[in-house]
Asker: 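Can you keep this structure in mind? I'll have questions shortly.
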Amino acid sequence: MATQTAVNLAGLTRNDYKGAPSTLCQGCGHNSISSQIVAALYELNIVPENVVKFSGIGCSSKSPTYFLNRSFGFNGLHGRMAALATGAMFGDVTLKAIGVSGDGDTASIGMGGFKHMVRRNVPMVYIVENNGVYGLTKGQFSATAEKGLELKRQGRNVFGPVDICMEALASSATFVARSFAGDPKQVKEILKAAFSHNGIAVIDIISPCVTFHNKEDSFHSYTWGKAHESPLHDISYVAPRDEIYIEDYEEGTTQEVTLHDGATLVLKKLEKEYDPCNIYDAYRVIEEAERNHWLLTGIFYIETEAPTLFDSHNLVETPLNRLKPEELRPAAETLDKLMANFAQ
Amino acid sequence: MATQTAVNLAGLTRNDYKGAPSTLCQGCGHNSISSQIVAALYELNIVPENVVKFSGIGCSSKSPTYFLNRSFGFNGLHGRMAALATGAMFGDVTLKAIGVSGDGDTASIGMGGFKHMVRRNVPMVYIVENNGVYGLTKGQFSATAEKGLELKRQGRNVFGPVDICMEALASSATFVARSFAGDPKQVKEILKAAFSHNGIAVIDIISPCVTFHNKEDSFHSYTWGKAHESPLHDISYVAPRDEIYIEDYEEGTTQEVTLHDGATLVLKKLEKEYDPCNIYDAYRVIEEAERNHWLLTGIFYIETEAPTLFDSHNLVETPLNRLKPEELRPAAETLDKLMANFAQ
Amino acid sequence: MSQLQPAAVKDGKTAGKKIVNEFCMTFSTINGSGSATANTILLRSLFRMGIPVSGKNIFPSNIQGLPTWYSIRLSKKGYLARVEKDDIVVAMNPATISTELDFMVPGAVLFYADDIKVDLPREDIVAYPMPVRKLIKEAEVQPNLRDYVANMVYVGIVAQMVGIDMNVIYGTLDHHFKGKKKAVDSNWAIIQSAAKWAQENLEKRDRYFVEKMPPLKDVIMVDGNTASALGSIYGGVQFTAWYPITPASSLAETTIEYLPELRTDPATGKATYAVVQAEDELAAIGMAVGAGWAGLRSMTSTSGPGISLMGEYLGLAYYAEVPVVVWDVQRVGPSTGLPTRTAQGDLTQIHFLSHGDTQFVILLPGDAKECFEFGWKAFDIAERLQTPVFILTDLDLGMNTHMVKRFDYPDRPMDRGKVLWEEDIQKLVDEGKAWGRYLDMDGDGIPYRTIPGNRNVHAAYFTRGTGHDEMARYTEDQHSWENGLNRLKKKLEGNKQLYPKPVVEKMAKAKFAIIGYGSTGPAIQEARDLLAEKGIPTDFLRIRSLPFSDDICDMLHAYDRIYVVEMNRDGQMRQLLAMNYSDCGAKLHQVSHTDGMPLSAEWIFNTILALEEEK
Amino acid sequence: MSQLQPAAVKDGKTAGKKIVNEFCMTFSTINGSGSATANTILLRSLFRMGIPVSGKNIFPSNIQGLPTWYSIRLSKKGYLARVEKDDIVVAMNPATISTELDFMVPGAVLFYADDIKVDLPREDIVAYPMPVRKLIKEAEVQPNLRDYVANMVYVGIVAQMVGIDMNVIYGTLDHHFKGKKKAVDSNWAIIQSAAKWAQENLEKRDRYFVEKMPPLKDVIMVDGNTASALGSIYGGVQFTAWYPITPASSLAETTIEYLPELRTDPATGKATYAVVQAEDELAAIGMAVGAGWAGLRSMTSTSGPGISLMGEYLGLAYYAEVPVVVWDVQRVGPSTGLPTRTAQGDLTQIHFLSHGDTQFVILLPGDAKECFEFGWKAFDIAERLQTPVFILTDLDLGMNTHMVKRFDYPDRPMDRGKVLWEEDIQKLVDEGKAWGRYLDMDGDGIPYRTIPGNRNVHAAYFTRGTGHDEMARYTEDQHSWENGLNRLKKKLEGNKQLYPKPVVEKMAKAKFAIIGYGSTGPAIQEARDLLAEKGIPTDFLRIRSLPFSDDICDMLHAYDRIYVVEMNRDGQMRQLLAMNYSDCGAKLHQVSHTDGMPLSAEWIFNTILALEEEK
Ligand SMILES: Cc1ncc(C[n+]2csc(CCOP(=O)(O)OP(=O)(O)O)c2C)c(N)n1
Ligand SMILES: Cc1ncc(C[n+]2csc(CCOP(=O)(O)OP(=O)(O)O)c2C)c(N)n1
Ligand code: SF4
Ligand code: SF4
Ligand SMILES: [Mg+2]
Ligand SMILES: [Mg+2]
């Protein structure tokens with residue numbers, strides 16, 4: 001008797017969410033994030049054909065090959081994922097988009113495009129696999145490298161790090177989170193919430209580069225992260241159809257946020273009083289964390305009602321890329337009318 | 001008997017600070033800013049030969065032709081002033097740099113370069129002549145255009161504006177201010193303080209485009225600005241050699257900040273309790289102003305001690321561009337030594 | 001105020017001869033003063049009188065206060081190119097009047113605002129003062145409209161003096177202001193009073209007249225950018241990402257203007273298209289490539305500096321095989337150059353754009369009608385070949401108003417190329433056929449593509465600019481690379497039937513051929529007539545696309561000498577021809593020149609003549 | 001574990017003949033395993049034995065876990081090009097062993113880690129197992145170092161079997177680890193034990209031997225990027241802005257490595273230079289242009305994708321006349337292509353980079369020595385001509401280690417070009433001479449420039465990419481534009497004495513000429529010898545710069561047939577030659593090919609032979 005393979009509500013196995021074997025280094029943080037993307041989508045019962053993947057160039061940007069073989073994907077140019085994805089998503093706005101970028105890809109060369117994509121609130125899960133270094137080109141400083149960091153061949157970094165979450169916030173992002181590849185459960189829960197969000201969901205995931213930047217005492221390493229990660233809250237994602245049931249429920253210690261598709265985000269507050277719907281709180285804790293060199297994780301900010309880029313375009317119901325020629329070429333009479341107007 | 005022309009402490013007349021006649025539209029905010037640049041430098045007794053000017057492309061970016069004829073200047077590419085200036089300033093770090101950009105130039109195409117220049121704390125007065133529109137290409141939306149703005153041929157702007165000051169702050173700018181071309185006195189005082197600052201001084205100046213975007217009810221117009229400008233404080237710049245004397249001095253109502261070159265910035269607080277050395281205050285008021293559509297002006301933030309880009313390079317005293325060939329080409333023996341090492 | 005006394009025509013040679021519908025008028029004004037309306041009214045009125053006309057605007061790269069010229073050429077013979085001399089100058093700008101005098105032919109006419117000090121050094125010019133201030137004062141115009149209205153004064157006076165039909169002017173006004181009565185009336189009033197003043201006060205002492213001609217059949221007046229925008233719309237454009245830049249902005253802006261009318265669902269009012277103003281050209285092309293990949297008819301429009309920023313993405317589109325249409329409305333470079341002047345200087349750049357071995361399809365419309373035609377055809381070509389297609393126009397073609405045959409509605413259905421949807425993929429699977437994104441199944445170098453949103457489980461593939469094999473898998477394998485790249489070459493060079501063929505015009509016993517392309521056509525045609533008059537008949541080959549049509553090869557072999565006429569310094573088309581047709585290189589002669597002005601027939605004629613004499 | 005029994009050589013033809021110092025060894029490993037050190041030790045040891053060697057690294061575009069090959073060619077005749085077949089393969093990667101077998105010559109040798117299952121289909125190969133695991137186990141290596149140490153096992157075994165001097169290996173180890181005793185000892189221990197194992201367990205059944213040769217005089221081993229970095233430093237580079245990209249990164253990184261030692265003030269320890277890692281290539285070139293304008297010897301280094309982003313700024317530098325040096329270490333494009341493979345595919349792109357009519361000086365070093373030489377000369381040329389100068393190398397030249405003559409110290413003083421400082425300007429003023437930034441005072445097309453920081457009141461000017469006249473004033477005037485642009489052409493084409501001339505090598509009674517450039521020189525030279533052996537003597541012209549030297553024109557006229565050999569699909573140099581020398585186009589034949597691998601002599605020989613036969 002053959003063993004039954006487990007399937008999700010979409011009738012798919014975990015295998016259906018897999019990608020090609022990874023060619024990243026063993027132990028690379030990016031690999032563990034890919035696994036959580038697979039897990040999150042499997043658990044969310046999202047059919048891979050309904051997802052489209054994007055990336056730039058870098059080790060991180062290779063990741064989309066390593067999950068969701070059955071989804072279309074486009075590995076674009078270094079630092080230019082934002083524009084590519086923005087244009088591509090107009091093809092069929094019913095698709096869910098996920099983008100994977102690196103800290104070099106997003107915060108160095110890609111800063112401008114990233115900021116403008118966020119500003120347009122393009123509905124997409126935008127993951128920055130942040131290791132503070134250029135992995136694929138062998139260990140130069142990226143713009144998120146911590147000040148004072150020393151790297152072989154590169155000397156000492158004299159600049160303060162770009163804070164992806166702060167940048168997202170300054171550009172009016174509607175979902176801003178930080179996580180740590182060494183905390184897979186949190187990564188997964190945040191991913192699920194992000195997929196339920198209608199708008200840009202920026203997730204800055206500290207993802208150690210074990211080959212070029214994994215010194216115990218550096219912010220982007222596993223060791224440091226494991227020792228210092230400080231979550232703002234415990235995050236549980238509750239699917240639209242499920243009943244909310246949280247252990248250890250205690251008055252005033254949790255906050256619920258209803259997401260676009262009806263799912264609920266349950267945040268169990270830890271230590272700090274924190275309201276992720278309050279933008280001032282977000283600015284404050286991000287700035288505080290940066291200043292004090294804390295690896296503060298969690299969902300910093302979420303705004304569920306903002307219109308997306310597509311809302312403002314008032315598109316026909318049919319996905320644009322399925323329109324028929326006759327829907328695209330105006331009738332001959334219209335040209336006659338125009339010509340009459342241009343004529344003598 | 002000829003009339004004596006007034007001269008400043010550098011022995012120069014105002015004329016010595018002039019540029020070519022402006023070819024901008026009559027009444028353009030940019031022209032009034034050029035005048036204040038002339039006035040500030042004249043009053044600061046800065047010799048024009050010690051200044052170097054930069055700009056991108058746009059009406060605003062034409063301005064450097066209209067002041068300081070006796071200074072070198074480089075009108076670069078659209079959106080790419082930051083890099084040009086960063087490289088150029090290495091030539092002679094004793095020069096004072098002023099850059100004039102537009103909102104399109106800085107916040108649309110130039111976003112990435114701008115952010116990275118700020119992050120490097122390149123010592124430069126960086127002025128954004130912000131009119132919320134592309135002037136030179138005839139009235140398209142720029143990234144600082146207010147949400148909901150309607151412009152001829154362009155329709156309605158659906159995106160929130162980029163806030164230059166917020167962006168500067170998020171990139172750890174060390175001097176962040178906003179002013180209004182319709183308030184020449186404030187523009188001038190802020191400029192003076194900026195020239196005394198050792199680091200990047202970002203000044204976002206609302207500067208109406210009278211031709212394409214000057215509707216009474218729009219944020220970037222003269223009329224609206226004049227009616228709604230709300231200064232954080234009264235700003236007085238006191239030169240290093242002068243004694244501080246402020247009228248109406250009242251205990252606790254002023255704050256003094258000593259600038260890099262020994263000058264003092266005296267801020268007379270208006271309405272709000274505000275400390276421009278406190279970054280949280282800065283985030284808060286900028287966010288508040290944006291959200292509430294206030295034209296809040298003044299110096300939002302100043303940090304006088306941060307090292308500049310050049311501090312980290314430990315350059316020789318002589319300006320690099322005056323080094324002699326023998327200081328640049330290593331001696332022949334050094335090559336022999338290297339070759340020995342590469343040989344069998 | 002030094003009032004200039006009208007001088008009599010002293011040039012014996014030309015005096016007396018009446019010149020009808022064959023001259024050039026230049027209006028010298030200051031930009032930002034609203035003269036565009038006045039000039040348009042005059043241009044259109046002449047057009048309505050059946051006279052072949054063309055208008056060329058020479059404007060500065062600023063918004064207000066600098067010299068601007070607008071030249072209208074009337075030519076009953078139908079010549080529409082720029083001429084280098086003026087017959088009539090209307091001078092509203094004191095700063096430039098002495099320059100204008102230099103360009104006036106003997107017997108020319110000068111209309112000038114009478115508050116300008118004119119020191120007329122030439123006796124062969126007829127000068128008429130225009131009491132602009134006085135007429136405005138009498139008209140009791142609001143102060144803020146005075147500059148604008150001043151231009152209507154010259155409309156009235158010039159119309160009166162050369163004989164433009166006043167009823168036609170009224171009709172044109174009505175058309176221009178879309179029947180808005182108040183605007184029509186107020187402008188009409190001032191035009192009329194100016195005409196009346198001229199009638200009463202000026203004695204006609206010059207030789208220039210306009211006269212009605214038979215109606216121009218099936219002819220329209222339109223600027224190239226509008227034609228391009230409409231061509232794109234009738235080509236079914238679904239996505240445009242653009243960034244403002246002169247002289248391309250009005251192309252995208254015109255799509256914004258017409259799309260809501262032409263391309264929204266009548267029932268729901270919803271759009272079948274999207275236009276995004278990007279944050280820069282890197283983003284514009286990135287978005288356009290993304291949309292092309294996602295199955296949309298996608299385009300961007302820009303000018304030289306934008307192209308220089310788009311190289312990296314276009315190399316990706318070439319290699320990953322993404323259809324996208326790129327308009328380059330050329331201006332004068334290098335660098336920011338002369339943003340408001342015209343040139344054909346981006347040809348070689350685009351041909352060799354992006355690193356590594358790339359190659360791009362380039363279409364070269366010769367007039368506004370072809371802008372429309374190539375506008376819709378470009379999508380067919382791009383989607384059929386799954387590759388970027390460039391369309392090169394220039395400022396002269398794009399921004400000036402041209403007289404041209406009316407546009408023809410597309411004569412064939414849209415070609416969306418080799419696209420596999422769910423059923424198509426399933427059919428292949430069911431038939432046990434292997435589909436690979438980059439597999440050349442038909443032997444024409446063109447693979448089949450699927451489009452995101454295709455929900456068949458076998459449809460998805462991963463797109464990348466890195467090495468990939470026929471199945472779209474990542475590979476660094478030498479042979480996959482080389483085969484892939486060679487197939488791309490085959491794809492573009494083996495399907496030449498898709499590209500517009502050159503247009504050939506012959507004269508009997510032609511001594512040599514002239515090659516040209518784009519906006520210089522009218523000047524070349526006129527120069528050929530001048531040469532023919534000198535006893536030198538020529539043939540003309542107008543190139544309309546790259547990769548070169550095979551016809552060109554035959555043509556090149558048929559002549560001993562070929563002059564390649566273009567508007568750039570380096571003779572870029574000649575360079576490309578010499579490179580492609582090595583055995584003909586020696587007979588290709590460069591006739592090129594770039595100073596920002598459209599080429600004149602005179603310059604082409606003189607240059608070729610000189611080269612002929614040299615040989 | 002299927003243990004493969006050593007097979008005897010069966011190929012009768014080759015058996016027995018001893019092959020000394022004339023073969024190729026390939027080490028097949030997995031990247032990230034640290035094999036680079038092992039390979040370098042072997043390469044350098046052979047070099048120290050006086051044997052001409054070259055090493056070529058074929059590595060994937062990832063960091064760890066994928067197949068990597070390192071080939072060492074020994075050639076007592078001095079041939080240094082890539083060969084397509086292997087004589088010896090050292091197989092450490094089970095995944096690729098079957099591929100490797102395909103490339104082995106009859107009689108070849110296979111060393112393989114004995115935990116690899118080898119199914120040896122060929123009887124003509126000698127196979128030696130290597131007990132890698134066992135030896136590592138015995139050596140008691142820390143677990144995290146095992147992969148790395150495994151490579152030292154093959155160093156010992158191969159050295160023992162082909163006869164590399166163990167003392168030399170020790171010396172090389174010492175050199176490699178800069179005398180760090182612990183590292184030297186631990187590696188030495190494993191190498192020795194491996195060699196001992198081989199001595200005791202393997203019977204030599206193959207024909208390959210190395211033997212000491214006389215010392216190579218004045219020869220060094222170095223990679224091109226190091227040579228380029230040093231050339232820049234000895235050229236007095238003051239400012240570098242760069243952005244990481246393979247294969248260019250190590251160029252900038254090497255300047256960072258050497259500058260502190262070579263270019264700080266000994267008294268104060270302060271720097272006479274600055275290196276900035278920019279946020280992208282747009283910024284890198286922007287900074288470099290800024291610094292060049294401000295009077296610094298300024299450069300950037302990148303590869304294809306970076307060049308595609310730099311077009312706009314380089315057009316500005318060309319037109320505004322700013323000196324700057326740009327290194328392009330070419331990799332395979334289009335697009336991201338094969339980032340770790342070599343090509344010469346950016347030539348036409350760069351020649352036509354940026355919109356409008358532009359033109360760039362391009363230097364084409366043929367080996368590491370010329371990388372050094374052109375490195376310093378490029379600054380002289382850039383500053384003399386006030387224009388961007390490109391230096392094109394490629395991955396093979398840049399990243400592989402080459403044997404080359406030692407570098408010569410610059411033989412002439414720096415040329416900072418026509419720069420006016422305070423006194424110079426004052427002198428002109430005092431003499432009543434007008435200076436204008438773009439005034440051609442000497443008639444050579446090169447104006448004088450001042451530099452920001454010059455405090456003379458007359459020194460300043462305003463720099464722009466928009467139209468300007470000789471006095472650097474803004475203008476849209478037609479003649480100023482055209483004159484300015486023509487002067488730029490004259491500047492670059494009228495001062496050709498500044499550019500490196502082509503190198504010509506002749507054979508008596510040459511049947512035709514071969515043209516080549518850059519890293520393909522060694523392969524071409526070897527191919528010429530092969531052709532000569534076939535009775536076809538040839539001449540060779542190695543182009544070293546563009547604009548083309550006048551010598552080239554003469555050369556072209558001297559032959560009936562010319563084969564242009566290069567590493568790209570489109571024959572880019574041939575294209576440029578055909579374009580420039582129209583009358584010679586027909587005799588220029590394309591011999592080009594790009595699959596990511598350096599060209600081999602064999603391929604060149606075969607291709608030319610085939611073309612010769614066709615004709
Ligand atoms: C235009 C361009 N410049 C440079 C490169 C080289 N490059 C490839 S990946 C990379 C950096 C990647 O860093 P990051 O985004 O942080 O990703 P990681 O490898 O660290 O995951 C660079 C500079 C490129 N591919 N394209
Ligand atoms: C690469 C490039 N793209 C586009 C342009 C066209 N362009 C010139 S100025 C300008 C916008 C200027 O707007 P802004 O910076 O706000 O200046 P303003 O004119 O409003 O002062 C644009 C898009 C250009 N010069 N270069
Ligand atoms: S180099 Fe670093 S980022 Fe790249 S795959 Fe390896 S560990 Fe990950
Ligand atoms: S168009 Fe606007 S920004 Fe430009 S000069 Fe005129 S008023 Fe100023
Ligand atoms: Mg990284
Ligand atoms: Mg603006």
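Throughout, protein chains are lettered first and strands after them, A, B, ... in sequence-line order, and every chain is numbered starting at 1. Predicted model only: the values in this text are computed from it and were never measured.
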Asker: Under 4.5 Å heavy-atom distance to chain D, tell me which part of Thr94(B) shows up: side chain, backbone, both or neither.
Answerer: both
Asker: Considering only heavy atoms from C-beta outward, does the side chain of Asn456(D) approach that of Glu49(B) to under 4.5 Å?
Answerer: no
Asker: Could you walk me through whether Thr23(B) and Tyr474(D) pass the side chain to side chain donor-acceptor pair (under 3.5 Å) test, one step at a time?
Answerer: CA-CA 11 Å; Thr23(B) 62; Tyr474(D) 180 82; over 6 Å; no
Asker: Would you please classify the geometry between the Phe90(B) ring and the Phe239(D) ring as parallel, tilted or perpendicular, with 30° and 60° separating the classes?
Answerer: tilted
Asker: With heavy-atom distances below 4.5 Å as the criterion, would you say the side chains of Val219(D) and Met339(B) are in contact?
Answerer: no
Asker: Report the distance from atom NE2 of His78(B) to atom CD of Glu312(D), rounding to the nearest 0.5 Å.
Answerer: 9.0 Å
Asker: Measuring from Thr466(D):OG1 to Asn75(B):CG, what's the distance to the nearest 0.5 Å?
Answerer: 5.5 Å
Asker: Given the options Leu338(B), Thr86(B), Leu315(B), which has more heavy-atom pairs under 4.5 Å with chain D than any of the others?
Answerer: Leu315(B)
Asker: What's the separation between atom CH2 in Trp293(D) and atom CG in Leu84(B), rounded to the nearest 0.5 Å?
Answerer: 7.5 Å
Asker: Side-chain contact, heavy-atom cut-off 4.5 Å: Pro452(D) with Asp92(B)?
Answerer: no
Asker: Does the Arg406(D) side chain pair with the main chain of Ala343(B), one donor and one acceptor, at a distance under 3.5 Å?
Answerer: no
Asker: Side chain, backbone, both or neither: which part of Leu316(D) has a non-hydrogen atom closer than 4.5 Å to chain B?
Answerer: side chain
Asker: Given a strict heavy-atom distance threshold of 4.5 Å, which part of Asp336(B) is in contact with chain D: side chain, backbone, both, or neither?
Answerer: both
Asker: Can any side-chain N or O of Tyr313(D) pair as donor or acceptor with the backbone N or O of Gly76(B) at less than 3.5 Å?
Answerer: no
Asker: Is a salt bridge present between Lys337(B) and Glu261(D), judged by a nitrogen-to-oxygen distance below 4.0 Å?
Answerer: no
Asker: How far does CZ of Phe72(B) sit from CZ of Phe462(D), to the nearest 0.5 angstrom?
Answerer: 12.5 Å
Asker: Using atom types as modelled and distance alone, determine if a side-chain donor or acceptor of Asn314(B) lies under 3.5 Å from a backbone N or O of Lys270(D).
Answerer: no
Asker: Between Arg44(D) and chain B, which part of the residue has a heavy atom less than 4.5 Å away: side chain, backbone, both or neither?
Answerer: side chain
Asker: Examine whether an atom of Pro48(B) lies under 4.5 Å from a heavy atom of chain D, and if so say whether it belongs to the side chain, the backbone or both; otherwise answer neither.
Answerer: neither
Asker: Find out whether Tyr409(D) and Arg329(B) are in side-chain contact, i.e. whether some heavy atom of one side chain is under 4.5 Å from a heavy atom of the other.
Answerer: yes
Asker: Less than 4.0 angstrom from a charged side-chain N to a carboxylate O is my criterion; do Arg322(B) and Glu422(D) meet it?
Answerer: yes
